[in-house]
Amino acid sequence: MTTSIDGQRLWDTLMAMAEIGPTANGGSCRLALTPEDAAGRRLLLDWCEAIGCTWRVDRVGNLFIRREGRRDDLDPVATGSHLDTQPKGGRFDGILGVLAGLEVFRTLHDRGIVTERPLELVVWTNEEGSRFAPAMVASGTYAGEFAVEDTLSRRDADGVTLGEALEACGFAGDLPVGKPRLDGFFELHIEQGPVLEDAGETIGVVTGVQGMRWFDVTFSGQSAHAGPTPMRLRRDALAAAARLIDRLQAHALADASGDTKVTCGCLDIEAASRNVIPGQVRLTVDLRHVVEAELDALEALFEQELAAAGEAFGVGVSRERIWASPVVAFAPECIAAVEDATRARGVPYRRMMSGAGHDAVYVSRVAPTSMIFIPCRDGISHNEAEYATPEHCALGAQVLFDAMLARADRPA
């Protein structure tokens, strides 16, 4: 006999959380470790304490909510995501993964089911990176990628450190970072892209996350008057930037697989004026691919095109790689648990790589991990218009429930 989660209760919980930090157009604003974020955490803890769960907070604010098992000496099976949002974010990004974990706990409580291993529901701090850079910094600290003191000293735009924000909102904990060790981790998330919706599929069995590399680029030319300066004598920094962008876009679009992705998301023209040739331009370059060797080749092409653009327009170039996340392959046994749970429900699904970064990326370095995706309308995320249907949310939570129980109850 299968156990079913309560889809309506999950939806009601999602909508209740959305009332904390609502935005004008139906989204959410709960920047990490603000009063709104703290209020969301406290509401979650109220719900969890009502069903007998206990909780601890580590030194960088990661929140671990525990449901005891028959063998509490065993490492727990965990799920979770994040409650912080973008400044004008949606109601589902991260939040679904946390509240679906709550629904797993509530369903077990309702049925009086005790799993062999204990379970943990985790709220990772500052996943979005919209207040403290970089994104996923607290799960990265848990996994040993960042030093605790470095994480605590990161500052927001107002100069407030992450450590100070933890103290101010009441979530400065003393659990050693890296504890508890996890037997496995499952993260449910909206896809944040259009693939599942376009294919008419309801579950993504996520096998890994594509590699990502971020660069800051500066072109340094010469400002001059737009009228008297001959074209052949110009050192136009913006023209060089445009050449780079065009060449990278053309390369990505020529990849029939669609696995090559290039984005130039920020462009800053120093002292911009309509009748002045731009003398200095700064831009960001985001390179992504699902194969590490191909990502290496993409970075080499970027370096080549950067140098060529500088030479063609007579401008200086500099670049700094500020972040790199290698291609991640999730644990076969966790992927299999998600796939088995999905297949048992008889719904259309696909194996897929994630195009976005998630806390699961870092957790996968220290624990067997996989993810579950559900469709989001038009593939829109990081936007107030972000939406997933109640039915898809419920199905994702059901697959999460089934996969977690299969792992938690396997022989020790």
Q.
Any side-chain to backbone donor/acceptor pair from D359 onto E127? Under 3.5 Å, distance only.
A. no
Q) Which heavy-atom pair separates R91 from G26 by the least distance, and what is that distance? A) NE-O, 2.9 Å
(Q) For the SG atom of C393 and the CD atom of Q398, what is their distance to the nearest 0.5 Å? (A) 13.5 Å
(Q) Restricting to non-hydrogen atoms, name the atom on E187 and the atom on G80 that form the minimum distance, rounded to 0.1 Å. (A) CG-O, 3.2 Å
Q. Does the distance from a Lys or Arg side-chain N to an Asp or Glu carboxylate O, for E294 and R213, drop under 4.0 Å?
A. no
Q. Any donor and acceptor pair, going by atom type alone, linking the side chain of T125 with main-chain N or O of N62 inside 3.5 Å?
A. yes
(Q) With a 3.5 Å distance limit and no angle check, can you tell me whether D409 reaches the backbone of A406 through a side-chain donor-acceptor pair? (A) no
**Q.** Partner of R131 by side-chain hydrogen bond (donor to acceptor under 3.5 Å, both in side chains), out of D84, T34, D156, N126
**A.** D156
Q.
Quick check against the 3.5 Å criterion: does R350 have a side-chain atom that pairs as donor or acceptor with the backbone of L196?
A. no
Q) Hey, does the side chain of R111 reach the backbone of S4 with a donor-acceptor pair shorter than 3.5 angstrom? A) yes
(Q) Any heavy-atom pair between the side chains of V104 and F186 that's under 4.5 Å? (A) no
Q: Using modelled atom types only, decide if a donor and an acceptor are shared between the side chain of E384 and the backbone of N25 within a distance under 3.5 Å.
A: yes
(Q) If I compare all heavy atoms of A78 with all of M404, which pair ends up nearest, and what's the gap? (A) C-CE, 4.1 Å
Q. Distance-only, no hydrogens or angles: does the E197 side chain make a donor-acceptor pair with backbone N or O of P194 under 3.5 Å?
A. no
Q) Is the closest basic N to carboxylate O distance between R321 and E303 below 4.0 Å? A) no
Q | Flag for S257-D255: side-chain donor and acceptor within less than 3.5 Å | A | yes
Q) Are S220 and T218 side-chain neighbours, meaning at least one heavy-atom pair lies under 4.5 Å? A) yes
Q.
For E68, is the CD atom crowded, meaning more than 12 foreign heavy atoms sit under 6.0 Å from it?
A. no
Q: Could you pull out the closest heavy-atom pair between A237 and G221, with the gap in Å?
A: CB-N, 4.1 Å
(Q) What I'd like to find out is whether the side chain of F401 reaches to under 4.5 Å of the side chain of E103, using heavy atoms alone. (A) no
Q: Please determine, by modelled atom types, if T151 and T141 share a side-chain donor-acceptor pair under 3.5 angstrom.
A: yes
Q | Point-to-point distance, once rounded to the nearest 0.5 Å, from CD of E292 to CG of L295 | A | 5.5 Å
Q: Report yes if the side chains of C334 and T369 come closer than 4.5 Å at any heavy-atom pair, otherwise no.
A: no
Q | Any side-chain donor near an acceptor of the partner, T202 and R345, under 3.5 Å | A | no
Q. What is the distance from atom CD of E116 to atom CZ of R71, rounded to the nearest 0.5 Å?
A. 6.5 Å
Q: Heavy atoms only: give me the nearest P118-D72 pair and the separation to one decimal.
A: CB-OD1, 3.4 Å
Q: Give, for atom CZ of R234 and atom OG of S223, the distance between the pair rounded to the nearest 0.5 Å.
A: 12.0 Å
Q) Any idea how F171 and W55 line up, ring-wise: parallel (<30°), tilted (30 to 60°), or perpendicular (>60°)? A) tilted
Q. Quick one: CG on L44 to CG on L63, what's the gap to the nearest 0.5 Å?
A. 6.5 Å
(Q) In terms of relative ring orientation, are F215 and F302 parallel, tilted or perpendicular, with 30° and 60° separating the classes? (A) tilted
Q: Would you indicate whether the side-chain heavy atoms of F330 and V206 approach each other to under 4.5 Å?
A: yes
(Q) Can you tell whether the side chains of D183 and R117 come within less than 4.0 Å, N to carboxylate O? (A) yes
Q) Of the options V315, L238, D236, which is the one that meets F219 in a side chain to side chain contact (heavy atoms under 4.5 Å, CB included)? A) V315
Q. Taking the inter-plane angle between the rings of H82 and H189 on a 0 to 90° scale, is it parallel (under 30°), tilted (30 to 60°) or perpendicular (over 60°)?
A. tilted
Distance-only donor-acceptor pairs under 3.5 Å for side chains of residues 240-254, two or more places apart:
from, atom 1, to, atom 2, distance (Å)
Q249, NE2, V262, O, 3.4

Q. Is the shortest distance from a Lys or Arg side-chain nitrogen in D402 or R343 to a carboxylate oxygen in the other one below 4.0 Å?
A. no
Q: Evaluate whether atom NZ of K88 has more than 12 neighbouring non-hydrogen atoms of other residues, nucleotides or ligands under 6.0 angstrom away.
A: no
Q. Any donor-acceptor pair under 3.5 Å linking the side chain of T207 with the backbone of R351?
A. no
Q) Salt bridge check: are R59 and E149 linked by an N-O gap of less than 4.0 Å? A) yes
Q) CD/E386 to OG/S28 distance, rounded to the nearest 0.5 angstrom? A) 8.5 Å
Q: Sequence neighbours left out, what passes side chain to side chain donor-acceptor pair (under 3.5 Å) with N383? Give chain and number order.
A: none
Q: Taking all heavy atoms of G357 and all of M212, pick out the closest pair and write down the distance.
A: N-CE, 3.3 Å
**Q.** Geometric class of the W124/F185 ring pair [parallel <30°, tilted 30-60°, perpendicular >60°]
**A.** perpendicular
(Q) I'd like to check T85 versus D93 (side-chain heavy atoms, cut-off strictly below 4.5 Å). Are they in contact? (A) no
Q) Any side-chain heavy atom of S370 within less than 4.5 Å of one from I372? A) no
Q. So with a 6.0 Å cut-off around CG of D174, is the heavy-atom count from everything else above 12?
A. no
Q) So, does S139 use its side chain to make a donor-acceptor pair with the main chain of V363 at under 3.5 Å? A) no
Q) After noting the C-alpha distance and the side-chain angles of L175 and V57, does the key distance pass the side-chain contact (heavy atoms from CB on, under 4.5 Å) rule? A) CA-CA 6 Å; L175 181 69; V57 184; over 6 Å; no
**Q.** pair L83-I95: side-chain heavy atoms closer than 4.5 Å
**A.** yes
Q. Between the side chain of D286 and the main-chain N/O of W214, is any donor-acceptor distance below 3.5 Å?
A. no
